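Heavy-atom basis, side chains included; hydrogens, waters and symmetry copies ignored. For clarity, every value in this text was computed on a predicted model and none was experimentally measured. In this chain, numbering begins with 1 at the start of the sequence shown.
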Amino acid sequence: MSSYGKAFTLMRDAAQGPWRDYTRHAFVEGMKDGSLPRKAFLHYLRQDYVFLIHFSRAWALAVVKSETHEEMLAAARTVNGLISEEMKLHIGICEAEGIPQDQLFATPERAENLAYTRYVLEAGYSGDLLDLLAALAPCVMGYGEIGTRLAADATSNIHRDWINTYASDDYQAACVAVGELLDSALTRRIGSNFEASPRWNRLCQTFRTATELEVNFWQMGLTP
């Protein structure tokens, strides 16, 4: 079982093709061997900064959808990690490349970015915490898996700042915490045998769709 929990492992296994396309995308492999053009990386980074703004809002929505203090704490910690830590990476790299923060914040949103972020927010607006977490999980845990693999296998140091962010103990701990939140939220609302629930297939489909939108996001990164 994945170190990110039972539900995540089952959802990932149910979306094997898209998950492989996402975590082994040409963009990711280009970061691994240093062949990714810098222009493409900076284009992606600017879009990802905009993505994280909406992703933070979606995690704030998880606080609204929570039913316990523990769920609220877990969601709030994730919001804080995104705003206080992860976005710092983007700001720092872009500033070093001559892209100031106000310009970064004003980046026009690409259609692929808009489609993904609004899909996640809509899952939360129209559903409960389970629908929202199923849409949020691919980004959180996928980057955790990618960061871990690239930290071990990268043959270039060009993107080491990015790799180290997602391979870090802090980010990996966040992945574990989100996995625990997903498991406990499912158990609380459906029961410990949640994969036998009528809702399970729909939650897996939400996870799969979000994963497919991640694939599209990488592809967008390759076309500045």
Side-chain angles (χ1 to χ4, degrees), residues 1-32 36 41 44-45 47-49 51-52 54-56 58-59 62 71 73-90 93 116-117 120 123 129-130 132-154 159-186 203-204 206-218 221:
M1 183 182 293
S2 161
S3 59
Y4 304 153
K6 176 185 174 183
F8 164 71
T9 303
L10 292 170
M11 287 178 170
R12 182 190 60 191
D13 290 350
Q16 277 185 3
W19 191 259
R20 184 179 58 254
D21 293 343
Y22 162 35
T23 57
R24 303 271 176 168
H25 193 276
F27 192 101
V28 175
E29 300 309 297
M31 285 196 286
K32 186 178 86 168
L36 180 71
F41 179 70
Y44 149 77
L45 209 63
Q47 288 296 321
D48 199 48
Y49 180 83
F51 171 88
L52 288 174
H54 295 295
F55 207 61
S56 300
W59 272 105
E71 289 178 351
L73 279 172
R77 278 193 291 265
T78 307
V79 173
N80 185 58
L82 287 164
I83 296 171
S84 304
E85 300 302 327
E86 196 175 343
M87 289 166 86
K88 260 198 246 174
L89 167 80
H90 300 62
I93 293 175
Y116 187 11
T117 55
V120 174
L129 184 64
L130 301 183
L132 180 56
L133 290 176
L136 287 165
C139 180
V140 178
M141 279 80 143
Y143 273 50
E145 282 194 7
I146 291 166
T148 299
R149 181 170 67 88
L150 297 196
D153 297 346
H159 301 291
R160 186 58 64 177
D161 284 356
W162 189 96
I163 293 167
N164 287 346
T165 294
Y166 297 105
S168 69
D169 290 345
D170 283 350
Y171 191 82
Q172 292 300 315
C175 291
V176 171
V178 171
E180 290 172 351
L181 173 61
L182 180 58
D183 283 347
S184 64
L186 280 158
L203 292 169
C204 285
T206 298
F207 180 97
R208 183 187 184 95
T209 300
T211 300
E212 290 167 345
L213 290 164
E214 281 284 3
V215 177
N216 293 348
F217 200 94
W218 285 138

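The CZ atom of R12 sits 14.5 Å away from the CZ atom of R208 when rounded to the nearest 0.5 Å. Rounding to the nearest 0.5 Å places OG1 of T23 at 8.5 Å from CD of E29. The distance from the CE atom of M31 to the CD1 atom of I146 is 6.5 Å, given to the nearest 0.5 Å. Note: L213 CG to T117 OG1 = 9.5 Å, rounded to the nearest 0.5 Å. Atom-to-atom distance recorded for D21:CG and E214:CD is 12.5 Å, nearest 0.5 angstrom. Taking CG of L10 as the start and CG of L182 as the end, the distance is 10.0 Å to the nearest 0.5 Å.
Closest heavy-atom contact between L132 and V120: CD1-O, 3.6 Å. H90 and L52 make their closest contact through CE1-CD1, 3.4 Å (heavy atoms, listed as atom of the first residue, atom of the second, distance). Listed here is the closest heavy atom pair of M11 and C204: CG-SG, 4.0 Å. Residues A154 and I163 come closest through the heavy atom pair CB-CD1, 4.0 Å. Contact record, M141 with C175: CE-O, 3.9 Å, taken as the closest heavy-atom pair. Across every non-hydrogen atom of L136 and A58, the tightest pair is CD2-CB, 3.9 Å.
Taking the centre of each ring, W218 and Y143 come in below the 6.0 Å mark.
Judged purely by atom type and a 3.5 angstrom limit, E180 has no side-chain atom pairing as donor or acceptor with the backbone of G5.
Taking 4.5 Å as the limit, some side-chain heavy atom of R77 sits within range of a side-chain heavy atom of L73. In this structure, the side chains of R149 and V28 come closer than 4.5 Å at one or more pairs of heavy atoms. For the pair I83/W59, no side-chain contact is recorded, criterion being any heavy-atom separation below 4.5 Å from C-beta on. Between L133 and L181, some side-chain heavy-atom pair lies under the 4.5 Å cut-off. Inter-residue side-chain proximity for Y44 and L36 is flagged as unmet; no heavy-atom pair is nearer than 4.5 Å. Annotation: side chain of E85 is not in contact with side chain of D170 (no heavy-atom distance under 4.5 Å). With a 4.5 Å cut-off on side-chain heavy atoms, F8 and V140 do not count as touching. For the pair T165/D161, no side-chain contact is recorded, criterion being any heavy-atom separation below 4.5 Å from C-beta on.
Under the side chain to side chain donor-acceptor pair (under 3.5 Å) test applied with E145, the options W19, Y22, Y4 reduce to a single match, W19. Just one residue in the list Y171, Y166, Y49 forms a side chain to side chain donor-acceptor pair (under 3.5 Å) with E86, and that residue is Y166.
Ring geometry for F217 versus Y116: interplanar angle over 60°, hence perpendicular rather than tilted (30 to 60°).
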